K.L.:
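To start, I am sharing the structure in question, which I have written as structure tokens.
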Amino acid sequence: MSRNTIQVDRLRQICRILNTNFFQILADQMNMDNDSDAFKDEEKEALKAENETLKSVIRMLGGK
């Protein structure tokens, strides 16, 4: 998790396991303004939870 990058194939595996399309999420977020108030508190919490889930899946797949 110390890297700022992830291989596309690894992300594709994680997406399949979680039944989530992170590519679409990223595309949607890229269209948003960079305003710090863009997300409501509950949306921020949901993103934090997704982040933790993603970290767990990466660890289960043998990542660090």
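Hydrogens, waters and symmetry mates are skipped; everything else that's a heavy atom, side chains included, is used. This one's a predicted model, so the numbers in the text were calculated from it and none came from an experiment.
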K.L.:
Quick one: list whatever passes salt bridge (charged side-chain N to carboxylate O under 4.0 Å, His left out) with E52, sequence neighbours left out.
P.N.:
K55
K.L.:
Is there side-chain contact between L54 and T20, with heavy atoms separated by less than 4.5 Å?
P.N.:
no
K.L.:
Going by side-chain contact (heavy atoms from CB on, under 4.5 Å), name the residues that satisfy it together with L61, two or more places apart in sequence or in a different chain.
P.N.:
R10, Q13, I14, I17, V57
K.L.:
List in chain and number order the residues that pass side-chain hydrogen bond (donor to acceptor under 3.5 Å, both in side chains) with S56, two or more places apart in sequence or in another chain; answer none if no residue qualifies.
P.N.:
R59
K.L.:
Side-chain contact, heavy-atom cut-off 4.5 Å: E50 with T53?
P.N.:
no
K.L.:
For the residue pair N21 and I25, establish whether any side-chain heavy-atom pair is separated by less than 4.5 Å.
P.N.:
no
K.L.:
Could you pull out all residues at least two apart from Q24 that satisfy side-chain hydrogen bond (donor to acceptor under 3.5 Å, both in side chains)?
P.N.:
D28
K.L.:
Identify, with sequence neighbours excluded, every residue that meets salt bridge (charged side-chain N to carboxylate O under 4.0 Å, His left out) alongside E45.
P.N.:
K48
K.L.:
Quick one: list whatever passes side-chain hydrogen bond (donor to acceptor under 3.5 Å, both in side chains) with D9, sequence neighbours left out.
P.N.:
R12
